[in-house]
Number of protein chains: 2
Amino acid sequence: MEEYNEKQLSIILVAERLFADKGFHGTSVRDIAQEADVNIAMISYYFGSKEKLLEAVFRLRMEASRVFIDELLKNDTMAPLEKMYSLIDRYINKMLNEQYFQCIMSREQLNRDKSPVRDLIWQLKREMLGLMEPIITDAQADGIFYKDVDVMLLLTTLFGTINQIIPASLILRADPEFKDMTEDEFREYLKNRLSTHLKKLFKAILTHEF
Amino acid sequence: MEEYNEKQLSIILVAERLFADKGFHGTSVRDIAQEADVNIAMISYYFGSKEKLLEAVFRLRMEASRVFIDELLKNDTMAPLEKMYSLIDRYINKMLNEQYFQCIMSREQLNRDKSPVRDLIWQLKREMLGLMEPIITDAQADGIFYKDVDVMLLLTTLFGTINQIIPASLILRADPEFKDMTEDEFREYLKNRLSTHLKKLFKAILTHEF
DNA sequence: TTGTTTTAATTAAACGTTTGTTTAACTTTG
DNA sequence: CAAAGTTAAACAAACGTTTAATTAAAACAA
């Protein structure tokens with residue numbers, strides 16, 4: 001595992017923000033260098049290329065995702081529904097705290113052409129699915145969760161709803177209703193609203209017969 | 001309303017596909033000209049600029065969305081839940097038949113900077129929300145739908161789930177399980193699976209007390 | 001501690017491509 | 001003959017990357 005010095009990390013974080021706001025091809029290395037207050041040549045010097053800088057962003061955040069998954073695996077004592085609730089909250093928390101990276105993921109996963117980062121995205125998605133699916137299917141086998149549920153699509157609903165909130169919040173934020181809120185307050189507000197909604201949704205479809 | 005001749009329309013459709021697959025900035029006007037089999041200068045000649053070509057793509061699809069919304073407004077005789085089911089099916093159908101455009105929307109809605117197309121996206125989203133929200137809130141007022149539901153987030157769930165399926169299907173398609181399916185068969189399969197899942201979800205959260 | 005040598009960091013300038021757009025000449029159409 | 005369509009070529013600007021020169025930091029021997 002590589003370690004980044006202060007300057008390298010600053011370049012990575014600036015690149016992450018700009019890639020999220022304007023897309024990979026919409027951001028020039030000169031933009032990044034200027035905002036990170038470094039010479040343009042430093043980017044090639046440290047990372048080799050613009051493409052590899054994007055990969056560095058991914059390595060940084062994917063590392064955090066691995067830690068996230070490992071921590072989720074430790075909650076063995078909870079009841080299935082409580083486990084799902086905990087998982088929902090943690091996932092909301094993670095995604096809203098990593099909004100820039102989630103934007104990049106949303107963009108890059110749409111790319112048709114194969115690329116290293118596209119493979120990384122789907123590798124991570126499969127890991128996440130492999131972790132969440134058994135929680136539901138085990139509870140289904142035990143008769144705790146209702147069986148006639150498309151687990152893969154339910155998780156798609158979880159990801160999709162949170163993902164959809166990120167661009168929507170950019171617009172919602174402009175509403176005068178929220179103008180006195182700080183950025184952090186607004187994010188907490190979104191987290192709570194999302195959490196309530198998704199928990200109701202999961203409880204309704206997993207624990208009620210039709 | 002403008003009319004496009006065969007050549008103009010072919011440019012628009014090629015541009016839509018390439019913008020969807022590689023992003024706006026990831027696609028060059030030379031790419032578009034080559035795939036549409038026209039001279040590069042024709043793009044400026046017909047549309048003025050690359051940016052305005054993107055806007056032409058939007059005008060074409062937004063026009064279709066307006067027609068879609070108008071048609072939805074005519075279903076007044078159905079019961080609320082049936083109305084929601086119909087709405088879900090129509091929306092799934094529309095989005096999966098307009099995958100290229102939906103990809104472009106997904107990308108462009110992430111852009112931080114203001115732009116004509118960004119405004120168009122949110123204008124359309126607001127129209128869609130303004131149409132769907134009263135169907136639910138009216139039924140809530142009549143005691144048919146459960147009241148303690150976040151309507152805006154429920155619609156976010158609808159959009160988000162379908163939106164999430166589009167990039168996921170690019171990967172899912174590669175699974176050997178689906179290798180004998182034609183492209184159309186696969187899309188029908190996705191539509192059915194999505195429809196079943198989303199209807200269950202909506203029924204569960206809208207019609208059951210907790 | 002010195003001075004010396006080696007390595008790493010930093011810079012402005014230049015590199016060759018590619019970008020979106022325009023020009024001016026030419027052809028087709030009505 | 002006028003208008004619209006079409007073309008290859010050229011345009012300046014921006015792109016990602018590299019170069020070569022310079023400064024700063026680290027390592028080392030005396």
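Chain naming here is simple, since letters A, B, ... match the order of the sequence lines and numbering starts at 1 in each.
In this structure, A/Y46 reaches the sugar-phosphate backbone alone: every heavy-atom distance under 4.0 Å involves primed, P, OP1 or OP2 atoms, never a base.
Taking the six-membered ring for Trp, A/Y85 and A/F202 have ring centres at least 6.0 Å apart. Here the two rings, on A/Y4 and A/Y46, have centers that are 6.0 Å apart or farther.
In this structure, B/Y91 and B/F159 have tilted ring planes: the angle between them lies in the 30° to 60° band.
Taking 4.0 Å as the cut-off between side-chain N and carboxylate O, B/D113 and B/R118 do not count as a salt-bridged pair.
When each of A/T157, A/T161, A/T156, A/N163 is paired with B/T161, the side-chain hydrogen bond (donor to acceptor under 3.5 Å, both in side chains) condition holds for A/T157 and for no other. Residue B/N93 forms a side-chain hydrogen bond (donor to acceptor under 3.5 Å, both in side chains) with just one option from B/R187, B/E98, B/K191, and that option is B/K191.
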Pairwise N/O distances under 3.5 Å, protein to nucleotides 26-30 of chain C:
none

Can you give me every donor-acceptor pair (side chain of residues 49-57 of chain B, partner residue at least two apart or in another chain, under 3.5 Å) with its distance?
{"from": "B/S49", "atom 1": "OG", "to": "B/K52", "atom 2": "N", "distance (Å)": "3.2"}
{"from": "B/K50", "atom 1": "NZ", "to": "B/F24", "atom 2": "O", "distance (Å)": "2.9"}
{"from": "B/K50", "atom 1": "NZ", "to": "B/T27", "atom 2": "O", "distance (Å)": "2.7"}

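Geometric assessment of A/R173 against the ring of A/F186 yields a positive cation-pi assignment under the 6.0 Å and 45° thresholds.
A/R193 pairs by the side chain to side chain contact (heavy atoms under 4.5 Å, CB included) definition with A/Y189, B/D150, B/M152, B/L153, not counting sequence neighbours.
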- Message: Counting primed atoms plus P, OP1 and OP2 as sugar-phosphate and everything else as base, spell out the protein contacts along nucleotides 18-23 of chain C at 4.0 Å heavy-atom distance: B, S or - for each nucleotide, 5' to 3'.
- Response: -BBBBB
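Note that CZ of A/R61 is 14.0 Å distant from CZ of A/F68, once rounded to the nearest 0.5 Å.
DNA chain C lies under 4.0 Å from no heavy atom of any residue of residues 110-119 of chain B.
For A/E133, the CD atom is densely surrounded, since the number of other residues' heavy atoms within 6.0 Å is greater than 12.
The backbone N or O of B/L172 lies less than 3.5 Å from no partner atom in the side chain of B/S169, so there is not a single donor-acceptor pair.
Chain B approaches DNA chain D over the interval D/dA4 to D/dA10, counting the first and last nucleotide 5' to 3' with an atom under 4.0 Å from its heavy atoms.
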